[in-house]
Asker: 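Take a look at the following structure, please.
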Protein chains: 2
Amino acid sequence: MANKTNFFIRNKNSILYGLILALLLFLMKWLELRYVVINHSFEIYAGAIAIIFTALGIWLALKLTKPKTSTIVVEKPVFIQKEDAFVLNKKEVERLGLSNRELEVLTLLAEGLSNQEIAQRLFVSLNTIKTHTSNIFEKLAVKRRMQAVELAKSLQLIPQ
Amino acid sequence: MANKTNFFIRNKNSILYGLILALLLFLMKWLELRYVVINHSFEIYAGAIAIIFTALGIWLALKLTKPKTSTIVVEKPVFIQKEDAFVLNKKEVERLGLSNRELEVLTLLAEGLSNQEIAQRLFVSLNTIKTHTSNIFEKLAVKRRMQAVELAKSLQLIPQ
DNA sequence: AGTAAAATCACCCGAAAGTATGAGCTTGAA
DNA sequence: TTCAAGCTCATACTTTCGGGTGATTTTACT
(Lines give C-alpha, C1' and ligand atoms only; values in the text may rest on other atoms or scores of the structure.)
Protein backbone atom coordinates (compact mmCIF):
# COMPACT_ATOMS: atom_id res chain seq x y z
CA MET A 1 0.00 0.00 0.00
CA ALA A 2 1.07 3.61 -0.55
CA ASN A 3 0.59 4.71 3.05
CA LYS A 4 3.57 7.04 3.13
CA THR A 5 2.68 8.97 0.03
CA ASN A 6 -0.88 9.35 1.13
CA PHE A 7 -0.08 10.54 4.62
CA PHE A 8 -0.36 14.25 3.96
CA ILE A 9 -3.39 13.81 1.79
CA ARG A 10 -5.24 11.69 4.27
CA ASN A 11 -4.38 13.94 7.24
CA LYS A 12 -4.94 17.10 5.28
CA ASN A 13 -7.84 18.19 7.45
CA SER A 14 -6.07 17.48 10.73
CA ILE A 15 -3.05 19.49 9.64
CA LEU A 16 -5.29 22.32 8.53
CA TYR A 17 -7.07 22.39 11.88
CA GLY A 18 -3.77 22.40 13.72
CA LEU A 19 -2.62 25.39 11.69
CA ILE A 20 -5.87 27.22 12.41
CA LEU A 21 -5.43 26.48 16.10
CA ALA A 22 -1.90 27.88 16.09
CA LEU A 23 -3.06 30.90 14.14
CA LEU A 24 -5.81 31.57 16.66
CA LEU A 25 -3.38 31.38 19.56
CA PHE A 26 -1.06 33.74 17.72
CA LEU A 27 -3.94 36.12 17.11
CA MET A 28 -4.81 36.15 20.78
CA LYS A 29 -1.24 36.75 21.75
CA TRP A 30 -1.19 39.69 19.39
CA LEU A 31 -4.46 41.04 20.79
CA GLU A 32 -3.14 40.67 24.27
CA LEU A 33 -0.21 42.88 23.45
CA ARG A 34 -2.54 45.55 22.22
CA TYR A 35 -5.61 46.86 23.86
CA VAL A 36 -7.65 43.95 25.05
CA VAL A 37 -5.90 42.36 27.94
CA ILE A 38 -4.63 45.53 29.40
CA ASN A 39 -8.02 46.92 29.98
CA HIS A 40 -10.05 43.88 30.86
CA SER A 41 -10.02 41.41 33.58
CA PHE A 42 -8.34 38.05 33.16
CA GLU A 43 -11.58 36.15 33.75
CA ILE A 44 -13.18 37.59 30.64
CA TYR A 45 -10.16 36.64 28.60
CA ALA A 46 -10.13 33.11 29.95
CA GLY A 47 -13.87 32.78 29.44
CA ALA A 48 -13.54 33.94 25.84
CA ILE A 49 -10.80 31.42 25.22
CA ALA A 50 -12.90 28.70 26.84
CA ILE A 51 -15.96 29.52 24.75
CA ILE A 52 -14.04 29.86 21.51
CA PHE A 53 -12.13 26.63 21.96
CA THR A 54 -15.15 24.76 23.18
CA ALA A 55 -16.90 25.80 20.00
CA LEU A 56 -13.79 24.87 18.03
CA GLY A 57 -13.73 21.48 19.71
CA ILE A 58 -17.37 20.88 18.91
CA TRP A 59 -16.80 21.96 15.35
CA LEU A 60 -13.71 19.77 15.10
CA ALA A 61 -15.54 16.78 16.48
CA LEU A 62 -18.46 17.19 14.14
CA LYS A 63 -16.17 17.59 11.16
CA LEU A 64 -13.68 14.89 12.03
CA THR A 65 -16.17 12.14 12.76
CA LYS A 66 -16.16 11.21 9.12
CA PRO A 67 -17.81 7.80 9.27
CA LYS A 68 -20.87 9.60 10.49
CA THR A 69 -23.52 7.39 9.13
CA SER A 70 -22.96 4.84 6.50
CA THR A 71 -25.89 4.78 4.15
CA ILE A 72 -28.55 2.36 5.17
CA VAL A 73 -29.26 0.22 2.18
CA VAL A 74 -32.67 -1.35 2.00
CA GLU A 75 -32.53 -3.98 -0.67
CA LYS A 76 -35.70 -5.17 -2.26
CA PRO A 77 -34.88 -7.83 -4.78
CA VAL A 78 -38.11 -8.83 -6.42
CA PHE A 79 -38.06 -12.16 -8.11
CA ILE A 80 -40.97 -12.56 -10.43
CA GLN A 81 -40.57 -16.14 -11.43
CA LYS A 82 -39.04 -18.66 -9.15
CA GLU A 83 -37.47 -21.69 -10.73
CA ASP A 84 -36.11 -23.05 -7.53
CA ALA A 85 -35.69 -26.70 -6.82
CA PHE A 86 -38.84 -28.69 -7.29
CA VAL A 87 -40.17 -30.26 -4.14
CA LEU A 88 -42.64 -33.07 -4.52
CA ASN A 89 -45.91 -32.69 -2.71
CA LYS A 90 -45.81 -36.07 -1.04
CA LYS A 91 -48.98 -35.50 0.87
CA GLU A 92 -50.98 -35.11 -2.31
CA VAL A 93 -49.25 -38.06 -3.91
CA GLU A 94 -50.20 -40.21 -0.98
CA ARG A 95 -53.71 -38.85 -0.81
CA LEU A 96 -54.27 -39.59 -4.48
CA GLY A 97 -52.60 -42.97 -4.24
CA LEU A 98 -50.21 -42.35 -7.10
CA SER A 99 -47.38 -44.85 -7.53
CA ASN A 100 -43.84 -43.94 -8.49
CA ARG A 101 -44.28 -45.30 -11.97
CA GLU A 102 -47.41 -43.28 -12.42
CA LEU A 103 -45.61 -40.13 -11.36
CA GLU A 104 -42.90 -40.98 -13.86
CA VAL A 105 -45.43 -41.37 -16.62
CA LEU A 106 -47.10 -38.16 -15.52
CA THR A 107 -43.84 -36.31 -15.91
CA LEU A 108 -43.35 -37.56 -19.45
CA LEU A 109 -46.98 -36.82 -20.15
CA ALA A 110 -46.28 -33.21 -19.23
CA GLU A 111 -43.52 -33.10 -21.82
CA GLY A 112 -46.10 -33.54 -24.52
CA LEU A 113 -44.98 -37.02 -25.46
CA SER A 114 -47.38 -39.50 -27.03
CA ASN A 115 -48.12 -42.78 -25.34
CA GLN A 116 -45.96 -44.50 -27.92
CA GLU A 117 -43.03 -42.20 -27.18
CA ILE A 118 -43.43 -42.67 -23.45
CA ALA A 119 -43.46 -46.44 -23.96
CA GLN A 120 -40.20 -46.25 -25.89
CA ARG A 121 -38.70 -43.95 -23.31
CA LEU A 122 -39.52 -46.34 -20.48
CA PHE A 123 -38.81 -49.53 -22.47
CA VAL A 124 -42.29 -50.92 -21.99
CA SER A 125 -45.15 -51.63 -24.34
CA LEU A 126 -47.71 -49.12 -25.51
CA ASN A 127 -50.43 -51.03 -23.71
CA THR A 128 -48.63 -50.63 -20.42
CA ILE A 129 -48.52 -46.90 -20.83
CA LYS A 130 -52.18 -46.84 -21.73
CA THR A 131 -52.96 -48.71 -18.55
CA HIS A 132 -50.84 -46.26 -16.56
CA THR A 133 -52.43 -43.21 -18.09
CA SER A 134 -55.89 -44.63 -17.55
CA ASN A 135 -55.10 -45.22 -13.90
CA ILE A 136 -53.65 -41.73 -13.60
CA PHE A 137 -56.76 -40.14 -15.09
CA GLU A 138 -58.87 -42.24 -12.79
CA LYS A 139 -56.94 -41.19 -9.68
CA LEU A 140 -56.78 -37.56 -10.67
CA ALA A 141 -60.45 -37.58 -11.65
CA VAL A 142 -59.81 -36.04 -15.04
CA LYS A 143 -60.78 -36.99 -18.56
CA ARG A 144 -57.80 -36.00 -20.67
CA ARG A 145 -54.02 -35.92 -20.43
CA MET A 146 -54.01 -32.14 -20.72
CA GLN A 147 -56.17 -31.78 -17.63
CA ALA A 148 -54.05 -34.32 -15.82
CA VAL A 149 -50.91 -32.31 -16.51
CA GLU A 150 -52.56 -29.05 -15.49
CA LEU A 151 -53.77 -30.53 -12.23
CA ALA A 152 -50.47 -32.25 -11.53
CA LYS A 153 -48.60 -28.99 -11.99
CA SER A 154 -50.92 -27.07 -9.73
CA LEU A 155 -50.68 -29.76 -7.06
CA GLN A 156 -46.88 -29.78 -7.26
CA LEU A 157 -46.83 -33.39 -8.37
CA ILE A 158 -44.51 -32.55 -11.26
CA PRO A 159 -42.15 -29.64 -11.84
CA GLN A 160 -43.60 -26.59 -13.49
CA MET B 1 -47.56 16.18 25.13
CA ALA B 2 -45.82 16.54 28.50
CA ASN B 3 -43.09 18.86 27.27
CA LYS B 4 -42.93 20.96 30.41
CA THR B 5 -42.56 18.11 32.82
CA ASN B 6 -39.93 16.47 30.68
CA PHE B 7 -37.81 19.59 30.22
CA PHE B 8 -35.32 18.87 32.98
CA ILE B 9 -35.16 15.23 32.14
CA ARG B 10 -34.54 15.79 28.48
CA ASN B 11 -31.95 18.51 29.06
CA LYS B 12 -30.32 16.67 31.92
CA ASN B 13 -27.04 16.24 30.09
CA SER B 14 -26.82 19.81 28.89
CA ILE B 15 -27.39 21.14 32.38
CA LEU B 16 -24.80 18.76 33.75
CA TYR B 17 -22.23 19.91 31.19
CA GLY B 18 -22.98 23.54 32.02
CA LEU B 19 -22.36 22.86 35.68
CA ILE B 20 -19.11 21.09 34.90
CA LEU B 21 -18.05 24.04 32.78
CA ALA B 22 -18.75 26.48 35.59
CA LEU B 23 -16.96 24.24 38.04
CA LEU B 24 -13.90 24.10 35.81
CA LEU B 25 -13.80 27.88 35.49
CA PHE B 26 -14.12 28.17 39.23
CA LEU B 27 -11.33 25.66 39.68
CA MET B 28 -9.08 27.65 37.40
CA LYS B 29 -9.89 30.87 39.21
CA TRP B 30 -8.95 29.17 42.45
CA LEU B 31 -5.74 27.82 40.98
CA GLU B 32 -4.89 31.23 39.66
CA LEU B 33 -5.08 32.65 43.13
CA ARG B 34 -2.70 30.04 44.33
CA TYR B 35 0.61 29.01 42.89
CA VAL B 36 0.11 28.36 39.22
CA VAL B 37 -0.48 31.61 37.50
CA ILE B 38 1.88 33.59 39.61
CA ASN B 39 4.83 31.58 38.53
CA HIS B 40 4.01 30.87 34.95
CA SER B 41 3.57 32.86 31.88
CA PHE B 42 0.17 33.80 30.64
CA GLU B 43 0.67 31.94 27.36
CA ILE B 44 0.90 28.64 29.12
CA TYR B 45 -2.26 29.33 31.00
CA ALA B 46 -4.13 30.35 27.83
CA GLY B 47 -2.81 27.31 26.01
CA ALA B 48 -3.95 25.04 28.78
CA ILE B 49 -7.40 26.56 28.70
CA ALA B 50 -7.51 26.20 24.94
CA ILE B 51 -6.49 22.57 25.02
CA ILE B 52 -8.80 21.67 27.87
CA PHE B 53 -11.80 23.35 26.36
CA THR B 54 -11.07 22.05 22.90
CA ALA B 55 -11.08 18.58 24.38
CA LEU B 56 -14.22 19.44 26.29
CA GLY B 57 -15.87 20.66 23.09
CA ILE B 58 -14.94 17.49 21.29
CA TRP B 59 -16.20 15.42 24.17
CA LEU B 60 -19.40 17.42 24.29
CA ALA B 61 -19.96 17.07 20.58
CA LEU B 62 -19.39 13.34 20.63
CA LYS B 63 -21.69 12.89 23.58
CA LEU B 64 -24.44 15.21 22.44
CA THR B 65 -24.65 14.04 18.89
CA LYS B 66 -27.39 11.50 18.63
CA PRO B 67 -26.29 7.91 18.90
CA LYS B 68 -24.64 6.99 15.66
CA THR B 69 -27.09 5.40 13.32
CA SER B 70 -25.92 1.88 13.16
CA THR B 71 -25.43 0.61 9.66
CA ILE B 72 -27.90 -2.15 9.03
CA VAL B 73 -28.13 -3.76 5.66
CA VAL B 74 -31.45 -5.45 5.38
CA GLU B 75 -32.02 -7.92 2.60
CA LYS B 76 -35.61 -8.68 1.85
CA PRO B 77 -36.12 -11.22 -0.88
CA VAL B 78 -39.68 -10.78 -2.00
CA PHE B 79 -41.10 -13.53 -4.11
CA ILE B 80 -43.88 -12.58 -6.43
CA GLN B 81 -44.50 -15.93 -7.96
CA LYS B 82 -48.09 -15.40 -8.96
CA GLU B 83 -48.91 -14.45 -12.45
CA ASP B 84 -48.71 -10.75 -12.84
CA ALA B 85 -50.68 -9.08 -15.55
CA PHE B 86 -50.23 -11.13 -18.68
CA VAL B 87 -48.66 -9.25 -21.52
CA LEU B 88 -48.89 -10.78 -24.96
CA ASN B 89 -45.66 -11.31 -26.77
CA LYS B 90 -46.74 -9.59 -29.97
CA LYS B 91 -43.36 -10.00 -31.56
CA GLU B 92 -43.56 -13.77 -31.37
CA VAL B 93 -47.16 -13.76 -32.52
CA GLU B 94 -46.22 -11.77 -35.56
CA ARG B 95 -43.12 -13.82 -36.20
CA LEU B 96 -45.12 -17.03 -36.11
CA GLY B 97 -47.95 -15.54 -38.13
CA LEU B 98 -50.63 -16.49 -35.64
CA SER B 99 -54.06 -14.92 -36.19
CA ASN B 100 -56.32 -13.68 -33.42
CA ARG B 101 -58.66 -16.61 -33.82
CA GLU B 102 -55.77 -19.03 -33.59
CA LEU B 103 -54.60 -17.39 -30.37
CA GLU B 104 -58.13 -17.73 -29.04
CA VAL B 105 -58.21 -21.41 -29.87
CA LEU B 106 -54.76 -21.78 -28.36
CA THR B 107 -56.00 -20.34 -25.09
CA LEU B 108 -58.91 -22.76 -24.93
CA LEU B 109 -56.55 -25.55 -25.92
CA ALA B 110 -54.47 -24.72 -22.86
CA GLU B 111 -57.52 -25.17 -20.65
CA GLY B 112 -57.59 -28.83 -21.54
CA LEU B 113 -60.74 -28.61 -23.60
CA SER B 114 -61.47 -31.06 -26.39
CA ASN B 115 -61.92 -29.88 -29.93
CA GLN B 116 -65.64 -30.47 -29.59
CA GLU B 117 -65.82 -28.34 -26.45
CA ILE B 118 -63.83 -25.57 -28.08
CA ALA B 119 -66.18 -25.68 -31.05
CA GLN B 120 -69.20 -25.29 -28.79
CA ARG B 121 -67.48 -22.53 -26.85
CA LEU B 122 -66.80 -20.55 -30.01
CA PHE B 123 -70.07 -21.48 -31.77
CA VAL B 124 -68.35 -23.02 -34.74
CA SER B 125 -68.15 -26.54 -36.11
CA LEU B 126 -65.76 -29.22 -34.98
CA ASN B 127 -64.16 -29.21 -38.39
CA THR B 128 -63.34 -25.54 -38.06
CA ILE B 129 -61.54 -26.15 -34.80
CA LYS B 130 -59.66 -29.03 -36.32
CA THR B 131 -58.53 -26.76 -39.11
CA HIS B 132 -57.45 -24.13 -36.60
CA THR B 133 -55.55 -26.56 -34.46
CA SER B 134 -53.85 -28.05 -37.50
CA ASN B 135 -52.76 -24.58 -38.59
CA ILE B 136 -51.58 -23.79 -35.09
CA PHE B 137 -49.49 -26.96 -34.92
CA GLU B 138 -48.09 -26.16 -38.32
CA LYS B 139 -47.10 -22.63 -37.35
CA LEU B 140 -45.69 -23.65 -34.00
CA ALA B 141 -43.89 -26.59 -35.60
CA VAL B 142 -45.26 -29.08 -33.10
CA LYS B 143 -47.07 -32.37 -33.46
CA ARG B 144 -49.55 -32.40 -30.60
CA ARG B 145 -51.75 -30.00 -28.67
CA MET B 146 -49.77 -30.59 -25.48
CA GLN B 147 -46.57 -29.41 -27.10
CA ALA B 148 -48.37 -26.45 -28.60
CA VAL B 149 -49.60 -25.36 -25.19
CA GLU B 150 -46.17 -25.83 -23.62
CA LEU B 151 -44.50 -23.79 -26.32
CA ALA B 152 -47.19 -21.11 -26.26
CA LYS B 153 -46.78 -20.68 -22.52
CA SER B 154 -43.04 -20.43 -22.71
CA LEU B 155 -43.29 -17.89 -25.53
CA GLN B 156 -45.81 -15.81 -23.60
CA LEU B 157 -48.43 -16.32 -26.23
CA ILE B 158 -50.98 -17.36 -23.62
CA PRO B 159 -51.16 -16.70 -19.86
CA GLN B 160 -49.41 -19.21 -17.63
C1' DA C 1 -44.48 -69.24 2.09
C1' DG C 2 -48.28 -66.39 1.42
C1' DT C 3 -50.20 -62.08 0.19
C1' DA C 4 -51.14 -57.46 -1.48
C1' DA C 5 -49.73 -53.82 -4.23
C1' DA C 6 -47.45 -52.49 -8.23
C1' DA C 7 -46.04 -53.13 -12.81
C1' DT C 8 -46.47 -55.32 -16.98
C1' DC C 9 -48.97 -56.74 -21.28
C1' DA C 10 -52.86 -58.01 -24.42
C1' DC C 11 -57.23 -57.34 -27.04
C1' DC C 12 -61.22 -54.81 -28.34
C1' DC C 13 -63.86 -50.81 -29.32
C1' DG C 14 -65.32 -46.20 -29.68
C1' DA C 15 -64.07 -41.45 -29.27
C1' DA C 16 -61.00 -37.88 -30.10
C1' DA C 17 -57.22 -35.98 -32.42
C1' DG C 18 -54.63 -35.01 -36.35
C1' DT C 19 -53.72 -34.83 -41.74
C1' DA C 20 -54.91 -33.60 -46.31
C1' DT C 21 -57.59 -31.32 -49.60
C1' DG C 22 -60.94 -28.32 -51.32
C1' DA C 23 -64.08 -24.58 -51.11
C1' DG C 24 -67.30 -20.63 -49.77
C1' DC C 25 -67.49 -16.15 -47.42
C1' DT C 26 -65.87 -11.66 -45.53
C1' DT C 27 -62.83 -7.87 -45.12
C1' DG C 28 -59.32 -4.61 -45.80
C1' DA C 29 -55.67 -2.96 -48.68
C1' DA C 30 -53.53 -2.18 -53.16
C1' DT D 1 -61.92 -4.22 -58.88
C1' DT D 2 -58.71 -7.38 -57.65
C1' DC D 3 -56.23 -9.81 -54.37
C1' DA D 4 -54.57 -11.71 -50.10
C1' DA D 5 -55.60 -13.10 -45.62
C1' DG D 6 -58.54 -14.84 -42.30
C1' DC D 7 -62.45 -17.55 -40.93
C1' DT D 8 -65.52 -20.92 -41.88
C1' DC D 9 -67.01 -25.73 -43.14
C1' DA D 10 -66.91 -30.28 -45.37
C1' DT D 11 -65.24 -35.00 -46.57
C1' DA D 12 -62.17 -38.70 -46.11
C1' DC D 13 -58.63 -41.00 -43.93
C1' DT D 14 -55.04 -42.24 -40.32
C1' DT D 15 -53.37 -42.06 -35.84
C1' DT D 16 -53.78 -41.52 -31.09
C1' DC D 17 -56.33 -41.60 -26.98
C1' DG D 18 -59.19 -43.47 -23.48
C1' DG D 19 -62.28 -47.12 -21.36
C1' DG D 20 -62.98 -51.76 -20.14
C1' DT D 21 -61.60 -56.33 -19.04
C1' DG D 22 -58.49 -59.81 -17.92
C1' DA D 23 -54.05 -61.83 -17.11
C1' DT D 24 -49.06 -62.55 -15.72
C1' DT D 25 -44.99 -61.13 -13.42
C1' DT D 26 -42.35 -58.36 -9.85
C1' DT D 27 -41.74 -56.49 -5.62
C1' DA D 28 -42.27 -55.81 -0.83
C1' DC D 29 -43.84 -57.14 3.43
C1' DT D 30 -45.57 -60.24 6.97
Side-chain angles (χ1 to χ4, degrees), chain A residues 88-155 157-158, chain B residues 88-155 157-158:
Chain A
L88 182 64
N89 188 342
K90 291 179 181 173
K91 275 188 182 177
E92 279 300 314
V93 172
E94 190 174 359
R95 188 179 69 81
L96 296 168
L98 287 169
S99 70
N100 289 339
R101 197 57 156 175
E102 285 164 349
L103 270 184
E104 206 174 356
V105 172
L106 202 46
T107 305
L108 297 177
L109 222 51
E111 293 182 17
L113 301 181
S114 69
N115 288 342
Q116 184 61 63
E117 288 167 335
I118 296 174
Q120 289 169 354
R121 197 77 82 82
L122 298 181
F123 303 105
V124 295
S125 79
L126 171 61
N127 288 311
T128 302
I129 298 304
K130 290 175 88 173
T131 303
H132 281 315
T133 55
S134 280
N135 292 334
I136 291 171
F137 301 155
E138 175 89 11
K139 291 177 179 177
L140 293 185
V142 296
K143 287 200 164 312
R144 281 178 284 277
R145 60 219 280 113
M146 291 266 337
Q147 297 170 350
V149 170
E150 287 298 310
L151 183 60
K153 282 183 177 176
S154 69
L155 290 182
L157 306 180
I158 54 178
Chain B
L88 181 65
N89 190 340
K90 292 179 181 174
K91 274 188 182 175
E92 279 299 316
V93 173
E94 191 175 359
R95 188 179 69 82
L96 296 168
L98 288 169
S99 69
N100 289 338
R101 196 58 157 175
E102 285 164 350
L103 270 184
E104 206 174 356
V105 172
L106 201 45
T107 306
L108 297 178
L109 222 52
E111 293 181 16
L113 300 181
S114 68
N115 287 343
Q116 185 61 63
E117 287 167 336
I118 296 175
Q120 289 170 353
R121 198 75 84 83
L122 298 182
F123 303 106
V124 295
S125 79
L126 171 62
N127 288 311
T128 302
I129 299 304
K130 287 174 113 178
T131 303
H132 281 316
T133 54
S134 278
N135 292 334
I136 290 171
F137 301 155
E138 174 87 11
K139 290 177 179 177
L140 293 186
V142 296
K143 286 198 164 312
R144 278 176 287 279
R145 48 179 55 232
M146 291 265 340
Q147 297 170 347
V149 169
E150 286 299 309
L151 183 60
K153 282 182 178 178
S154 69
L155 290 182
L157 305 181
I158 55 179

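Please read these numbers as outputs of a predicted model, since none were measured by experiment. In what follows, chains carry the letters A, B, and so on, assigned in the order in which the sequence lines appear, proteins first and then strands, with residues in each chain numbered from 1.
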Asker: Take the protein atom CG of A:N135 and the nucleotide atom C1' of C:dT8, then report the distance between them rounded to whole Å.
Answerer: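 In whole Å, C:dT8 C1' and A:N135 CG are 12 Å from each other.
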
Asker: NE2 of A:H132 versus P of C:dC9: gap in Å, rounded?
Answerer: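 After rounding, the gap between these two atoms is 8 Å.
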
Asker: Not counting sequence neighbours, list each pair that qualifies as a side-chain hydrogen bond (donor to acceptor under 3.5 Å, both in side chains) and has a residue in residues 126-137 of chain A.
Answerer: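 Every pair satisfying side-chain hydrogen bond (donor to acceptor under 3.5 Å, both in side chains) with a residue in residues 126-137 of chain A: A:S125-A:T128.
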
Asker: Please list all pairs meeting salt bridge (charged side-chain N to carboxylate O under 4.0 Å, His left out) that have one or both residues in residues 134-145 of chain A, counting only residues at least two apart or in different chains.
Answerer: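 Those involving residues 134-145 of chain A are A:E102-A:K139, A:R144-B:E117.
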
Asker: Rounding to an integer number of Å, can you tell me how far A:I136 CD1 sits from C:dA7 C1'?
Answerer: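 It is 13 Å, rounded to the nearest whole Å.
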
Asker: Mind checking A:T128 for me? I need base, sugar-phosphate or nothing, with any heavy atom below 4.0 Å counting as a touch.
Answerer: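 Contact class for A:T128: base.
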
Asker: For the CG atom of B:L155 and the NZ atom of B:K91, what is their distance to the nearest 0.5 Å?
Answerer: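 Rounded to the nearest 0.5 Å, the CG-NZ separation comes out at 13.5 Å.
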
Asker: Please report the distance, rounded to the nearest Å, between CD1 in A:I118 and P in C:dA7.
Answerer: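 Computing the A:I118:CD1 to C:dA7:P distance gives 15 Å.
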
Asker: Starting from P on D:dG19, measure out to CD1 on A:I129 and report it in whole angstrom.
Answerer: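 Taking CD1 of A:I129 and P of D:dG19, I get 15 Å after rounding.
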
Asker: To the nearest Å, give me how far apart CG (A:N127) and C1' (C:dC9) are.
Answerer: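 Distance check: A:N127 CG to C:dC9 C1' gives 6 Å.
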
Asker: Atom pairs under 3.5 Å, N or O on each side, protein against nucleotides 24-26 of chain D: can you list them with distances?
Answerer:
none

Asker: What's the separation between atom CG in A:L96 and atom CG in A:L151, rounded to the nearest 0.5 Å?
Answerer: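 Between A:L96 CG and A:L151 CG, I get 7.5 Å after rounding to 0.5 Å.
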
Asker: Find the bend of the helix from C:dA1-D:dT30 to C:dA30-D:dT1 as the angle between its two terminal axes (five pairs each), to the nearest 10°.
Answerer: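 Taking the rotation axis at each end, their angle is 50°.
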
Asker: Show the nearest heavy-atom pair for residues B:L140 and B:L98, with the distance to one decimal.
Answerer: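 Scanning both residues, the minimum pair turns out to be CD2-CD1, 4.2 Å.
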
Asker: Any residue in residues 95-107 of chain B with a heavy atom nearer than 4.0 angstrom to DNA chain C? Just list them by number, or reply none.
Answerer: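 Here the set is empty: none.
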
Asker: How does protein contact run along nucleotides 17-30 of chain C, one letter per nucleotide 5' to 3', with B for base contact, S for sugar-phosphate only, - for none, heavy atoms under 4.0 Å?
Answerer: BBB-----------

Asker: List for me each residue that meets side chain to side chain donor-acceptor pair (under 3.5 Å) alongside A:E92, sequence neighbours excluded, and say none if there are none.
Answerer: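 In terms of side chain to side chain donor-acceptor pair (under 3.5 Å), with neighbours along the sequence ignored, A:E92 is linked to A:R95.
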
Asker: Calculate, to the nearest 0.5 Å, the distance between atoms CD and CG belonging to B:Q116 and B:L126 respectively.
Answerer: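 Separation between the atoms: 5.0 Å.
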
Asker: Could you tabulate the donor-acceptor pairs under 3.5 Å formed by side-chain atoms of residues 103-112 of chain A, not counting sequence neighbours?
Answerer:
from	atom 1	to	atom 2	distance (Å)
A:E104	OE1	A:R101	NH1	2.9
A:T107	OG1	A:L103	O	2.9

